[in-house]
Amino acid sequence: MRRAIRRARPFLRAVACGICFGLVGLVWSAPRFRRRRLRRAATCGVCASHMRVRNVAVLVVAVLLVAGAAARPLEAATSPLLCHSHITADGSVRPEPSLRIAPPTPWQVTRDFLVAPISGVGVLAGRAMGMESCSGPPLLVMFWPPPRTSSGGTTLGDVFVAWMPGEPTSGPATVNGYGNEGHRLYMRYGPNISGSREDEAELGLHESRHVDQWAVTNLVAGPFAFPTAYFIDNSLFPRSRNHFERDAGLSGGHYPPAPDNLPAPRWPDAMIVIALGLLIFRRRLRWSLRVLQDPSSQRSAHEPGRCPVHTRGLRPIGHGTA
């Protein structure tokens with residue numbers, strides 16, 4: 001039994017890395033690169049500690065994403081309410097015709113598969129907060145049940161978690177939950193911030209393109225790639241300049257036309273990106289500074305019990321410690 005588990009570990013490790021980091025994770029878990037990490041961990045206590053923590057973190061996140069992948073189709077199959085519905089004064093539900101904004105079936109199936117893990121995390125988070133769901137293209141919406149109201153929220157894959165409380169209003173918006181404040185005789189469930197079906201269709205297409213972006217980035221680098229790339233891009237190219245929003249269609253997302261293609265940094269966000277970059281790569285920057293001072297010896301020089309990257313200090317160290 002132990003031998004079978006030992007033999008299965010490389011495969012399970014590769015699967016977990018692929019779930020968490022996409023194709024990048026599969027490459028990172030390749031035997032060639034793993035052997036190199038093991039060699040470093042054998043001589044560097046910091047590398048060994050980081051490897052143990054990383055293995056546990058990847059396993060925990062992979063289990064959560066697998067649970068999400070199971071929760072997403074189950075929620076879609078059991079959600080009884082369509083997001084595009086009229087709620088009349090007597091409480092009856094009359095669905096509107098579904099918006100025809102779905103992509104071609106082969107890509108729809110592929111996209112649903114790629115975003116299912118992170119989308120399911122949104123479902124699990126919404127259910128943990130006591131939310132209900134409605135289904136409709138292109139997003140499944142988690143919203144507060146009446147009498148609470150929902151406003152903005154967060155999109156994870158193809159699930160919109162409307163966790164932000166709505167503004168206090170009167171009329172149906174205080175009774176029937178999530179919808180437009182202006183709907184006094186009825187209201188729609190779902191992320192309907194537009195005033196007409198035409199605008200709603202444009203917004204749906206815009207959000208559908210964002211789901212496409214989630215799917216592609218999930219495949220390449222896992223479910224954390226899209227929000228990371230979006231935040232970095234938005235810190236340098238905010239709002240209408242954002243490349244992801246431009247790709248999704250500015251008008252459909254209710255963005256004004258972009259004034260130009262030049263960066264216009266949002267300095268608070270940009271400083272966060274710079275600070276995180278320095279924090280993450282501080283050891284390699286420190287090693288690079290030593291190598292610049294003495295390339296011939298400092299590339300492999302290190303302290304006892306540490307690899308060159310984890311060796312402390314900015315000044316070149318002696319040749320005797322190499």
Who passes side-chain contact (heavy atoms from CB on, under 4.5 Å) against [X], sequence neighbours left out?
{"X": "R35", "answer": "P31, R32, R39"}
{"X": "V109", "answer": "T105"}
{"X": "P73", "answer": "none"}

Exercise. Do H210 and F244 have ring centroids that are under 6.0 Å from one another?
Worked result: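 F244 vs H210: aromatic centres not under 6.0 Å.
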
Problem set entry | Proximity of H310 and H50 rings by center, below 6.0 Å |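 Here the rings of H50 and H310 have centres that are less than 6.0 Å from each other.
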
For this session: Start with the C-alpha gap between R127 and E132, add the side-chain angles, then the distance that decides, and say whether salt bridge (charged side-chain N to carboxylate O under 4.0 Å, His left out) holds.
Result: CA-CA 7 Å; R127 286 300 182 184; E132 296 182 0; over 6 Å; no

Problem set entry | Residue pair A270 / S235: nearest heavy atoms and the distance that separates them |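 Answer, listing the atom of A270 first, then S235: N-CB, 3.8 Å.
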
Donor-acceptor contacts under 3.5 Å from residues 51-72 side chains, at least two apart:
unit_1: N55; atom_1: ND2; unit_2: M51; atom_2: O; d: 3.3
unit_1: R72; atom_1: NE; unit_2: D158; atom_2: OD1; d: 3.0
unit_1: R72; atom_1: NH2; unit_2: D158; atom_2: OD2; d: 3.3

For this session: Tell me, please, which residues at least two apart from D212 pass salt bridge (charged side-chain N to carboxylate O under 4.0 Å, His left out).
Result: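 So D212 forms a salt bridge (charged side-chain N to carboxylate O under 4.0 Å, His left out) with R111.
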
Exercise. Side chains of Y230 and Q213: do they bring a donor and an acceptor to under 3.5 Å?
Worked result: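 No, no side-chain donor-acceptor contact under 3.5 Å.
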
Exercise. Are W163 and T154 linked by a side-chain donor-acceptor pair shorter than 3.5 Å?
Worked result: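 Indeed, the side chains of W163 and T154 share at least one donor-acceptor pair under 3.5 Å.
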
Problem set entry | Within residues 100-136 or reaching into it, pairs that qualify as ring pair (Phe, Tyr, Trp, His ring centres under 6.0 Å) - sequence neighbours excluded |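 Listed by first then second residue: nothing to list.
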
For this session: Give me the ring orientation class for Y255 and H206: parallel if the planes are under 30° apart, tilted from 30 to 60°, perpendicular past 60°.
Result: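 Tilted.
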
Problem set entry | Any donor-acceptor pair under 3.5 Å from N234 side chain to R239 backbone |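 Pair found, side chain donor or acceptor close to backbone of R239.
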
Exercise. Backbone N or O of E303 within a donor-acceptor pair of the T311 side chain at under 3.5 Å?
Worked result: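 Checking the backbone N and O of E303 against the side chain of T311, a donor-acceptor pair under 3.5 Å is found.
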
Problem set entry | Greater than 12 external heavy atoms within 6.0 Å of F281's CZ |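 It does not: F281 CZ has 12 such atoms or fewer within range.
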
Exercise. Under the 6.0 Å and 45° cation-pi test, does R37 pair with W28?
Worked result: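 Judged by the rule (NZ or CZ under 6.0 Å from the ring centre, within 45° of its axis), R37 counts as positioned above W28.
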
